[in-house]
Amino acid sequence: MRPITVTQPFLPPLEEFHAYLEQIWENRILTNGGPMHRQLEEALCTYLGVPYISLFTNATIALVTALQALRITGEVITTPFTFVAGAHSLLWNGITPVFADIDPVTLNLDPRRIEAAITRQTTAIMPVHCYGNPCDIDAIQRIADAYNLRVIYDAAHAFGVRREGDSVLTAGDLSILSFHATKVFNTFEGGAIVAPDARTKQRIDHLKNFGFVDEVTVVAAGINGKMSEVNAAFGLLQLKYIDGAIARRAEIDALYRRELANVPGIRIVEPAGQSHANHSYFPILIEPEYGISRDAVYAELKRAGIMARRYFYPLVSSFPMYRGLPSATATNLPVATRLAEQVICLPIYPALDDDDVRRVVGVLAECSVCAPVF
Ligand code: T4K
């Protein structure tokens with residue numbers, strides 16, 4: 001039986017990529033904001049419905065740069081239930097992460113936990129639209145406005161996600177996307193910052209090019225965060241197929257829901273309120289009535305050749321560089337601590353067929369039936 005991984009990159013027809021490569025060979029511009037880079041920025045603004053976008057080599061460098069663009073210092077309130085890149089981007093800027101607990105339904109940063117974490121050093125909030133499910137944007141903005149804080153959304157998972165018709169990527173001050181191979185839309189490696197105005201985009205563009213504003217003037221200690229022409233070209237090609245790829249993800253999502261309906265003790269993590277989802281992940285929680293632990297489920301799936309992933313376990317707050325922080329304790333993060341032990345993301349990607357999905361659910365159903373009854 002063929003192995004099933006948690007995700008696989010979506011690859012458009014290889015033959016079609018040749019035309020883009022020929023164009024790059026002809027242009028002889030390989031990087032530094034060439035024609036493919038410009039075209040992809042324009043195409044993404046249109047597709048995503050956002051005013052300005054700045055492409056990056058990956059989302060981690062984009063996060064580091066976004067914090068610099070807004071001159072964030074001191075402390076930033078963030079979620080422990082995410083990929084480690086967000087907290088690392090704070091450390092790279094000499095900023096202290098302050099972890100606040102997550103909402104038990106959405107698994108996103110809980111706005112009810114933010115105010116208690118604010119100190120005189122707090123300058124910003126960095127929430128994550130975890131699994132592409134939108135945060136409580138309105139509640140977070142109310143707190144930010146009341147305390148004069150900036151909001152930088154880690155929207156690495158939220159490509160194309162809309163809420164009440166609008167892109168979630170225009171919420172807050174800046175949003176960061178990831179175009180890593182494992183994401184809904186990929187450029188092999190890649191990322192972007194969504195900016196609200198031309199001036200902010202210009203500062204970001206300077207920062208991702210060492211701080212150069214012209215041939216002889218450097219205005220900031222910028223970094224090299226530029227996306228190459230090959231990556232941008234792959235993005236342009238991928239964009240032609242993205243609606244079909246997301247539609248297939250939606251079918252898989254629906255099939256999982258139908259098939260899992262009769263398996264007791266499994267809770268599907270749901271987005272709160274109406275949203276146009278991208279189905280980037282299929283997270284479930286293994287509840288006590290399922291009978292065996294999440295780690296036992298993970299091991300059974302693995303034995304069956306199914307490489308599900310425990311995103312996001314361990315919590316970021318438990319890694320050595322964060323666990324000494326006062327906000328990193330389990331008593332401060334009871335919901336995140338509990339749910340990190342229950343969560344598992346099932347495989348979802350366009351090349352997964354219906355039989356693969358039924359195979360995954362078959363293992364889950366079998367584990368539940370065989371679970372010891374106490
Ligand atoms: N913020 C958030 C909320 C994030 O989730 C991430 C990244 C970031 C920021 C930072 O974005 P980038 O700087 O990466 O743009 C993966 C990804 O490396 C990472 O991008 C992602 N989040 C994270 C959630 O997952 P791993 O260590 O789980 O990936 P890996 O290599 O184990 O791949 C998972 C599965 O995907 C493999 O079992 C097989 C499949 N795969 C993977 C790759 C790379 C393929 O089939 N082909 C491939 O090329 O971290």
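Counting starts at 1 for both ligands and their atoms, following the listed order.
- His157 and Phe312 have parallel rings, their planes meeting at less than 30° on a 0 to 90° scale where 60° marks the start of perpendicular.
- The distance from ligand 1 to the heavy atoms of Ala156 drops below 4.0 Å at these ligand atoms: 1 (N), 2 (C), 3 (C), 4 (C), 9 (C).
- Residue-ligand proximity: Glu189 is placed with every non-hydrogen atom at 4.0 Å or more from ligand 1.
- The shortest heavy-atom distance from Met307 to ligand 1 is not under 4.0 Å.
- Under a 4.0 Å criterion applied to the non-hydrogen atoms of Ala85, ligand 1 contributes the atoms 8 (C), 9 (C), 10 (C).
- Residue-to-ligand polar distances place Lys183 within reach of ligand 1: an N/O pair is separated by less than 3.5 Å.
- What sits closest to atom 9 (C) of ligand 1 on the protein, heavy atoms only, is Asp154 OD2, 3.6 Å.
- Here the heavy atom of the protein found nearest to atom 4 (C) of ligand 1 is Phe83 CB, 3.4 Å.
- Distance from atom 43 (C) of ligand 1 to its nearest protein heavy atom, with residue and atom name: Thr182 CG2, 4.2 Å.
- With Ala308, Ala158, Ser178 as candidates, the residue nearest to atom 12 (P) of ligand 1 on a non-hydrogen basis is Ser178.
- Within the listing of ligand 1, atoms 45 (C), 46 (O), 47 (N) sit less than 4.0 angstrom from a heavy atom of Pro9.
- The pair Asp354-Arg248 counts as a salt bridge, with a side-chain nitrogen and a carboxylate oxygen less than 4.0 angstrom apart.
- Residues meeting the side-chain contact (heavy atoms from CB on, under 4.5 Å) test with Arg303, sequence neighbours left out: Glu300.
- Classification of the Tyr322-Phe99 ring pair by plane angle, with boundaries at 30° and 60°, yields perpendicular.
- Atoms of ligand 1 lying under 4.0 Å from any heavy atom of Tyr281, numbered from 1 in the order shown and given with element: 24 (C).
- Short contacts between ligand 1 and Thr82, defined as distances under 4.0 Å to a heavy atom of the residue, involve ligand atoms 3 (C).
- Between Val343 and Ile284 the shortest side-chain heavy-atom distance does not fall below 4.5 Å.
- Residue contacts with ligand 1: Gly191 is excluded, as none of its non-hydrogen atoms falls under 4.0 Å.
- Cation-pi geometry between Arg294 and Tyr313 is met: the NZ or CZ atom falls under 6.0 Å from the ring centre, inside 45° of the normal.
- Under the 30°/60° scheme for interplanar angles, the aromatic rings of Tyr153 and His129 are found to lie parallel.
- Given atom 41 (N) of ligand 1, the protein heavy atom at minimum distance is Thr7 O, 4.2 Å.
- Salt bridge absent: Arg142 and Asp145 never bring a charged side-chain N and a carboxylate O closer than 4.0 Å.
- Ion pairing between Lys201 and Asp205 holds under the 4.0 Å rule for side-chain N and carboxylate O.
- Across the listed options Phe312, Tyr311, Tyr349, Tyr311 owns the non-hydrogen atom lying nearest to atom 28 (O) of ligand 1.
- In this structure, the side chains of Met36 and Ser228 stay at 4.5 Å or more apart for every pair of heavy atoms.
- With atom 48 (C) of ligand 1 as the reference point, the heavy atom nearest to it among Ala181, Pro3, Pro347 is part of Ala181.
- Geometrically, Arg310 engages Tyr298 in a cation-pi contact, judged by NZ or CZ lying under 6.0 Å from the ring centre and within 45° of the ring axis.
- The single protein non-hydrogen atom nearest to atom 5 (O) of ligand 1 is His157 NE2, 2.7 Å, given as residue, atom name and distance.
- For ligand 1, the atoms closer than 4.0 angstrom to any heavy atom of Gly190 are 15 (O).
- Using a 4.0 angstrom heavy-atom cutoff, Phe56 does not count as in contact with ligand 1.
- Residue Thr60 approaches ligand 1 through these ligand atoms, each under 4.0 Å from one of its heavy atoms: 10 (C), 12 (P), 13 (O).
- Nearest to atom 32 (O) of ligand 1 among the protein's heavy atoms is Arg309 NH1, 2.8 Å.
- Of the listed residues (Tyr256, Tyr131, Tyr349), just one forms a ring pair (Phe, Tyr, Trp, His ring centres under 6.0 Å) with Tyr281, and that residue is Tyr131.
- Heavy-atom distances between Ala62 and ligand 1 stay at or above 4.0 Å for every pair.
- For atom 18 (O) of ligand 1, the nearest protein heavy atom (residue, atom name, distance) is His180 CE1, 3.2 Å.
- For Phe17, the ring-ring contact (aromatic ring centres under 6.0 Å, His included) partners two or more places apart in sequence, or in a different chain, are Phe234.
- Distances from atom 36 (O) of ligand 1 to the protein include at least one heavy-atom value under 4.0 Å.
- A cation-pi geometry, defined here as NZ or CZ lying under 6.0 Å from the six-membered ring centre and within 45° of its normal, does not hold between Lys226 and Phe56.
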